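The model shown is predicted, which means the values in this text are computed figures rather than measured ones.
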Amino acid sequence: VAAISRSGRAAEVVEGPLAYTGVLFVSVLFGWQSIPAIAAISQMAAGDGVADIVGRRFGTVKWPWSATKSIAGSLAFVAAGAAVTYLE
């Protein structure tokens with residue numbers, strides 16, 4: 001649990017990591033050669049990585065509904081996801 005959660009809570013594993021794994025699994029299982037599946041995997045990989053870096057560095061303003069997610073990290077996710085989609 002500690003290896004895949006930020007807080008160490010077991011409940012956190014069901015949130016982000018499970019959704020991430022589920023999207024990867026479905027994309028590979030049903031669309032491993034399709035452009036939408038490749039785009040989804042690329043967006044998640046680039047977006048999640050950049051969101052973490054930007055959110056930790058510049059994420060002082062948090063979303064009202066989530067004390068752990070920052071607006072800067074979310075915007076970085078969208079920007080990186082869009083960039084890899086249009087570069088493919």
Side-chain angles (χ1 to χ4, degrees):
V1 172
I4 58 173
S5 74
R6 291 184 179 130
S7 67
R9 295 180 309 114
E12 186 180 358
V13 175
V14 179
E15 297 165 359
L18 184 63
Y20 194 93
T21 304
V23 170
L24 289 176
F25 178 75
V26 170
S27 295
V28 171
L29 184 65
F30 294 111
W32 62 278
Q33 289 184 330
S34 72
I35 297 298
I38 294 167
I41 293 168
S42 299
Q43 287 175 350
M44 287 184 63
D48 195 48
V50 172
D52 182 45
I53 293 167
V54 171
R56 288 179 193 264
R57 176 68 178 95
F58 302 106
T60 55
V61 180
K62 306 294 184 188
W63 289 106
W65 57 84
S66 176
T68 60
K69 302 294 181 185
S70 70
I71 294 173
S74 298
L75 292 174
F77 182 94
V78 171
V84 299
T85 299
Y86 293 116
L87 291 176
E88 290 181 357

- [ ] Heavy atoms only: give me the nearest Phe77-Gly47 pair and the separation to one decimal.
- [x] CD1-C, 3.1 Å

TODO: Under the side chain to side chain contact (heavy atoms under 4.5 Å, CB included) rule, collect the residues that match up with Ser34, sequence neighbours excluded.
DONE: Pro36, Ala37

- [ ] Using the test side-chain hydrogen bond (donor to acceptor under 3.5 Å, both in side chains), find all partners of Ser66 that sit at least two apart in sequence or belong to another chain.
- [x] Thr68

Open item on the list: Going by the rule side chain to side chain contact (heavy atoms under 4.5 Å, CB included), which residues pair with Leu24 if we only count those two or more places apart in sequence or in a different chain?
Closed with: Tyr20, Ile41

- [ ] Compare every heavy atom of Gly55 with every heavy atom of Ser70, then report the nearest pair and how far apart it is.
- [x] OG-CA, 3.5 Å

Open item on the list: Looking at every non-hydrogen atom in both residues, tell me the closest pair between Ala76 and Ala51 and how far apart they are.
Closed with: CB-CA, 4.2 Å

TODO: Hydrophobic side-chain clustering at under 4.5 Å (ILVMFWY, transitive links): who's grouped with Val54? Put none if nobody.
DONE: Val50, Phe58

Open item on the list: Connecting only ILVMFWY residues whose side-chain heavy atoms lie within less than 4.5 Å of each other, what is the rest of Leu29's hydrophobic cluster?
Closed with: Phe25, Val26, Phe30

Open item on the list: Using a 4.5 Å cut-off between side-chain heavy atoms of Ile, Leu, Val, Met, Phe, Trp and Tyr, which other residues end up in the same hydrophobic cluster as Ile53?
Closed with: none

